[in-house]
Enquirer: 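Just dropping this structure here.
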There are 2 protein chains.
Amino acid sequence: MNVSPKSEPAGLIPIGEAERRSGVAKETLRVWERRYGFPSPVRDAAGDRLYTAEDVEKLRLMKTLIDHGDRPARLAPLSREDLVARLLTPSPANDGEAGAWVEDALDRLRRHDVDGLRELMQSAIYAQGLARFVQDNVATLTRAVGEAWIGGRLQVYEEHLFTEQLVRILRGALDGLPRPAAARPRVLLTTLPGEPHALGLLMAECLLALGGARCLSLGAETPPAEVVAAARAHGADVVAVSFSAMVPAEAARRAAADLRAALPPETELWAGGASAAHVGPAPGVRTLPNLPDIPEALDHWRSVAAGPR
Amino acid sequence: MNVSPKSEPAGLIPIGEAERRSGVAKETLRVWERRYGFPSPVRDAAGDRLYTAEDVEKLRLMKTLIDHGDRPARLAPLSREDLVARLLTPSPANDGEAGAWVEDALDRLRRHDVDGLRELMQSAIYAQGLARFVQDNVATLTRAVGEAWIGGRLQVYEEHLFTEQLVRILRGALDGLPRPAAARPRVLLTTLPGEPHALGLLMAECLLALGGARCLSLGAETPPAEVVAAARAHGADVVAVSFSAMVPAEAARRAAADLRAALPPETELWAGGASAAHVGPAPGVRTLPNLPDIPEALDHWRSVAAGPR
DNA sequence: CATTCATCTTGTCCTGGACAAATGCCTCAG
DNA sequence: CTGAGGCATTTGTCCAGGACAAGATGAATG
C-alpha cells in the first residue's frame with residue numbers, strides 16, 4: 001500500500017521512506033530517537049513520524065560513517081557540516097591537485113556532456129593502455145566523484161550518469177580483449193547480497209583479463225550458496241568477491257569467512273574493494289585492497305599452481 | 001551487527017534474513033502469522049522466529065503473485081506447487097513450443113557454456129537484425145528463463161549469468177550504433193527506486209537508438225526528484241521509465257502520476273515494462289507495455305512534435 | 001607490552017493494538 | 001442487463017516500550 005515516491009504533503013518523509021533513503025532501519029530510527037534524541041521528527045495527525053529532508057540527509061551521512069567504523073553516539077550531536085568534514089578527512093589534501101585530467105572529466109560530467117566524457121575516457125585508454133587507465137584514472141576519478149557527491153557538489157543522477165558511461169567504456173574495452181577458452185586461472189567474479197556496486201567488479205575483470213585470466217562474472221548480489229554452486233559447476237580456480245566501502249567491516253569479514261568455509265579448499269578466494277582491507281588477514285583468503293595487487297596475485301597463482309592439472 | 005549470510009545453525013533463517021530473501025517486510029511476516037497462520041516459524045531459545053528454507057521459498061512465490069494482483073488470504077493456504085502452477089498459468093501453452101532457438105540457448109545456459117550462449121545471440125543479431133532480436137528472441141528467452149527459475153529448474157546464479165551475458169551483447173550492439181548528437185527526440189531512460197532491473201531499459205534503449213532517437217540512460221533506481229532535475233538539465237523531450245513485473249501495480253501507477261506532475265508539461269512520459277499496462281490509461285502518460293510499441297511511439301512523437309523547436 | 005575479563009554500546013526482535021487506504025461486494029437506478 | 005455509488009472487509013504500515021545477544025571498549029593483570 002506504500003510506494004517509494006509517496007505523496008509528500010509538505011516535503012516531509014514518513015519512516016518507511018526515511019529507511020529507504022538513508023539506509024537506516026525503522027527500528028534503529030526509533031531507538032536512536034529514544035537514546036540520542038536524534039532524529040526528532042514531528043508527528044502527523046495519526047501520531048506517525050515525519051522526517052525532514054535534512055534529517056534524512058544527516059542520517060545518510062551517519063550511516064556511511066558508521067559503516068566506516070564510527071559510532072552513533074558520537075555522531076548524533078554533530079551537524080551536517082561536521083559529518084561531511086569527518087567523511088572527507090581520511091583522504092588528505094587531494095582536493096586541488098586531483099590532476100587536470102580528472103578536473104576535465106568532472107567538468108564534462110557537470111555539463112552533462114556524456115559524449116565528451118566518453119571520448120575523454122576512450123582516448124585515455126588509447127594513450128596509456130587499459131591497465132593504467134583502470135588503475136590510475138578510474139580510481140582517482142571515482143574517488144573524486146564520490147567526494148563531490150558527499151559534499152553536495154554533485155547530484156545523485158550525475159553520479160548515476162558517470163557510472164553508466166564508465167561501465168560502458170570498460171565493457172567495450174573488455175569485449176575487445178581476447179578470451180581464450182583454455183586460459184588459466186579461471187576466475188569467478190561476483191558480489192555478495194547487500195552489495196549492489198558492480199563497478200569494482202568490472203575494473204577487476206579488466207585487469208584480470210589483461211593478465212590472461214579466464215573471467216566469468218556473475219554480476220552483483222549472488223547468494224553465497226549460489227557462488228559455491230557456480231564455482232563448482234564452472235571449475236573455478238579462483239573466486240573473486242568485491243566489497244565496496246558501503247559494506248560494514250564486520251559484515252565483510254564474516255561473509256568472507258563463511259564463503260571460504262563453503263568453497264572447496266583448492267579454490268582460492270580473493271577479496272577486493274575498499275572494505276577488503278578490513279577483511280583482514282584471514283586464513284585462506286587473499287585480500288587485494290588495491291587494484292595493482294591483482295596482476296601480482298595472478299603471478300603468484302601461476303607460480304604456485306603451475307604444477308597441478 | 002547482522003550480516004546477510006548469517007551463520008545458520010541448522011539451515012534455519014531469522015526474520016531479518018527472511019525479509020531480505022522473500023521481499024516481505026518483517027512487520028508483514030508477523031501480521032500474516034497472526035492472521036493466516038502462515039508462516040508459523042519455530043522459535044529459538046530467545047523466542048526469536050526461525051523460518052525454514054521452504055517457508056521463505058513459499059513467501060517469495062506469494063510475494064510475486066501478490067505483486068501481480070493476487071491477495072494473501074487466498075494464497076496462504078496453498079502449497080508451493082499450487083503457487084507455482086498459478087504463476088505459470090497466465091502464460092498459456094508455451095512450454096514445449098518455445099522455439100528451437102530458445103531451447104538451444106537454455107541448453108547452453110544450463111551447461112554454463114557462456115561463450116556459446118553469446119555466440120548464439122550474436123549470430124541471431126546478424127541473422128535477423130537487432131530490432132527483431134530484441135523483440136522476439138530476447139523477450140521469449142527472458143520469459144523462458146524466468147519460468148524455469150520459478151519452477152526451480154534453474155539456479156539463481158544461472159539467471160545472473162544469463163543476464164550478464166545478455167547485457168554484454170546488447171551493450172556491444174548499442175555501441176556499434178551511430179549516436180548523432182542532434183538527433184530527436186532526446187530520451188532520458190531510467191528506473192525508479194525499488195526497481196533494480198536494468199535489462200528492460202537496455203532493450204528499450206536498443207529500439208529507441210535504432211529508431212534514431214538520442215538516448216541517455218541514467219541506469220537503475222534514480223529518485224524521482226533527480227529524474228526531474230536530469231530531464232530539465234538535459235533538455236529531454238521524453239522520459240522513459242521501466243516498470244518490471246516486480247513492481248506492484250499500484251506502486252507503478254502512483255509513481256508514474258507523481259513523476260508526470262513533477263515533469264515540465266512539454267516533456268512526455270513513457271512507461272514501459274511488464275507492469276506498464278497496470279499504470280493504466282493515465283493522463284499525460286504514454287504506456288508502452290510491449291516492445292513493438294516503441295517504434296510506433298517514436299513515429300507518433302515525430303508527427304506531433306515535428307513543428308515546435 | 002600482550003591478554004583476559006567486566007562493562008557499555010548497539011542493532012535487532014518481541015507483543016498486541018490501531019488505523020488509513022484500497023479493494024471487493026452489493027444494491028439500486030437507468 | 002449495465003453502470004454508479006456506498007458499505008464492509010482486507011491489508012500493509014506504524015506505534016510503544018521492553019528485552020537481549022554480540023561486539024566494542026577499556027581497565028586490570030601477567
Side-chain angles (χ1 to χ4, degrees), chain A residues 1-4 6-7 9 12-20 22-36 38 40-51 59 62-63 65-76 194 248-254 257 278 280, chain B residues 1-4 6-7 9 12-20 22-36 38 41-51 59 62-63 65-77 194 248-254 257 278 280:
Chain A
M1 307 291 188
N2 217 339
V3 198
S4 297
K6 190 173 183 173
S7 56
L12 291 175
I13 301 155
I15 194 169
E17 254 302 285
E19 165 172 1
R20 269 179 292 255
S22 69
V24 181
K26 289 192 281 280
E27 290 110 328
T28 308
L29 286 174
R30 296 196 193 101
V31 101
W32 281 6
E33 181 178 344
R34 207 194 307 167
R35 288 180 185 154
Y36 318 121
F38 174 84
S40 54
V42 298
R43 306 297 186 112
D44 68 5
D48 291 5
R49 292 171 174 80
L50 290 177
Y51 298 86
L59 287 168
M62 283 178 67
K63 168 76 171 151
L65 279 163
I66 288 168
D67 288 348
H68 280 57
D70 249 307
R71 315 195 64 175
R74 310 263 164 212
L75 301 175
E250 184 46 35
R253 191 197 322 279
R254 173 178 261 155
H278 304 157
Chain B
M1 306 291 186
N2 219 339
V3 196
S4 296
K6 191 174 182 174
S7 55
L12 292 174
I13 301 156
I15 195 170
E17 253 304 282
E19 165 172 3
R20 267 180 293 255
S22 69
V24 181
K26 288 190 282 280
E27 290 111 327
T28 308
L29 285 174
R30 291 195 267 258
V31 101
W32 280 5
E33 182 179 341
R34 207 192 309 167
R35 288 181 184 153
Y36 316 120
F38 174 85
V42 299
R43 305 299 185 110
D44 67 5
D48 290 7
R49 290 169 175 82
L50 290 177
Y51 298 87
L59 287 168
M62 284 178 67
K63 168 75 170 152
L65 279 163
I66 289 168
D67 290 348
H68 280 56
D70 249 308
R71 313 195 67 176
R74 309 263 165 213
L75 301 175
E250 184 46 34
R253 192 197 322 279
R254 174 178 260 156
H278 304 155

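Every chain is numbered from 1, with letters handed out A, B, ... down the list of sequences.
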Enquirer: Go through the N and O atoms of the side chain of A:Arg30 and the base of D:dG17, and report whether any donor-acceptor pair is under 3.5 Å.
Expert: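 Answer no: no donor N or O sits under 3.5 Å from an acceptor.
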Enquirer: With a cut-off of less than 4.0 Å, is there a side-chain N or O of A:Tyr36 near OP1 or OP2 of C:dT9?
Expert: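 For C:dT9, OP1/OP2 do not have a side-chain N/O of A:Tyr36 under 4.0 Å.
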Enquirer: What I want to check is whether an N or O donor and acceptor connect the side chain of A:Arg34 with the base of D:dG17 at under 3.5 Å.
Expert: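 Flag set: donor-acceptor pair detected.
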Enquirer: Could you state the CG-C1' distance from B:Asp44 to D:dA19, rounded to the nearest angstrom?
Expert: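 Atom CG in B:Asp44 sits about 13 Å away from atom C1' in D:dA19.
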Enquirer: Let me spell it out: for each of A:Gly69 and B:Ala25, pick the nucleotide of DNA chain D with the closest heavy atom. Which residue's pick is nearer the 5' end?
Expert: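 In this pair, the answer is B:Ala25.
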Enquirer: How long is the gap from CD on B:Glu27 to CD1 on B:Ile15, to the nearest 0.5 Å?
Expert: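 Between B:Glu27 CD and B:Ile15 CD1, I get 8.5 Å after rounding to 0.5 Å.
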Enquirer: Measure the spacing between OG1 of B:Thr28 and NZ of B:Lys63 and express it to the nearest 0.5 Å.
Expert: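 That separation rounds to 8.0 Å.
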Enquirer: Report the distance from atom CZ of B:Arg43 to atom CG of B:Leu50, rounding to the nearest 0.5 Å.
Expert: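 So the gap between those two atoms works out to 9.0 Å.
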Enquirer: What integer distance in Å separates B:Trp32:CH2 from C:dG16:P?
Expert: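 Value for this atom pair: 21 Å.
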Enquirer: Within the pair A:Thr28 and C:dT12, is there a side-chain N or O less than 4.0 Å away from OP1 or OP2?
Expert: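 For C:dT12, OP1 or OP2 has a side-chain N or O of A:Thr28 closer than 4.0 Å.
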Enquirer: Let me know the distance between CD of B:Glu17 and P of C:dT12, rounded to the nearest Å.
Expert: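 Value for this atom pair: 12 Å.
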Enquirer: Just verifying a value: how many Å separate A:Leu75 CG and A:Asp70 CG, rounded to the nearest 0.5 Å?
Expert: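 Spacing of CG (A:Leu75) from CG (A:Asp70) equals 4.5 Å.
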Enquirer: Using a strict threshold of under 4.0 Å (side-chain N to carboxylate O), is an ion pair present between A:Glu17 and A:Arg20?
Expert: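 Looking at A:Arg20 and A:Glu17, the cut-off is met.
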Enquirer: Return the value, rounded to whole Å, for the distance between atom CZ of B:Arg49 and atom P of C:dG16.
Expert: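 Between P of C:dG16 and CZ of B:Arg49: 10 Å.
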Enquirer: Using whole Å, report how far CG of A:Asp70 lies from P of C:dT9.
Expert: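 Answer to the nearest Å: 16 Å.
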Enquirer: Which pair of heavy atoms, one from A:Tyr36 and one from A:Pro72, lies closest together, and at what distance?
Expert: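 Looking at all heavy atoms of both residues, the closest pair is CE1-CB, 4.0 Å.
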Enquirer: Taking for each residue the nucleotide of DNA chain C bearing the nearest heavy atom, is the 5' side occupied by B:Val31 or by B:Asp48?
Expert: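 Nearest-nucleotide comparison on DNA chain C picks B:Asp48.
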Enquirer: Heavy-atom nearest nucleotide on DNA chain C for B:Arg35 versus B:Ala46: which residue maps closer to 5'?
Expert: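 Here B:Ala46 is the residue nearer the 5' end.
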Enquirer: Whole angstroms only, please: what is the CD-P distance between B:Glu19 and C:dC14?
Expert: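 Those two atoms, CD and P, are 12 Å apart.
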Enquirer: Return the CH2 to CE distance between B:Trp32 and B:Met62, rounded to the nearest 0.5 Å.
Expert: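 Between atom CH2 of B:Trp32 and atom CE of B:Met62 there are 4.0 Å.
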Enquirer: Counting just side-chain N and O atoms, does A:Arg71 come under 4.0 Å of either OP1 or OP2 of C:dT10?
Expert: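 Yes, because at least one side-chain N or O of A:Arg71 sits under 4.0 Å from OP1 or OP2 of C:dT10.
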Enquirer: Between atom CZ in A:Arg20 and atom C1' in D:dG12, what is the gap in whole Å?
Expert: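 After rounding, the reported distance stands at 12 Å.
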Enquirer: Angle between the two end axes of the helix from C:dC1-D:dG30 to C:dG30-D:dC1, five base pairs per end, rounded to 10 degrees?
Expert: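 Comparing the axis at each end, I get an angle of 30°.
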Enquirer: Under 4.0 Å, counting only non-hydrogen atoms across every strand here, what does A:Arg43 touch: a base, just sugar-phosphate, or nothing?
Expert: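 Touches sugar-phosphate only.
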Enquirer: Round to the nearest Å and state the distance from B:Asp67 atom CG to C:dT23 atom C1'.
Expert: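 Spelled out: CG on B:Asp67 to C1' on C:dT23 is 16 Å.
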Enquirer: Report yes if the side chains of B:Leu59 and B:Leu29 come closer than 4.5 Å at any heavy-atom pair, otherwise no.
Expert: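 Yes. Closest side-chain heavy atoms under 4.5 Å.
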Enquirer: Would you say D:dT13 has OP1 or OP2 under 4.0 Å from some side-chain N or O of A:Lys26?
Expert: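 So the side-chain polar atoms of A:Lys26 never come under 4.0 Å of the phosphate oxygens OP1 or OP2 of D:dT13.
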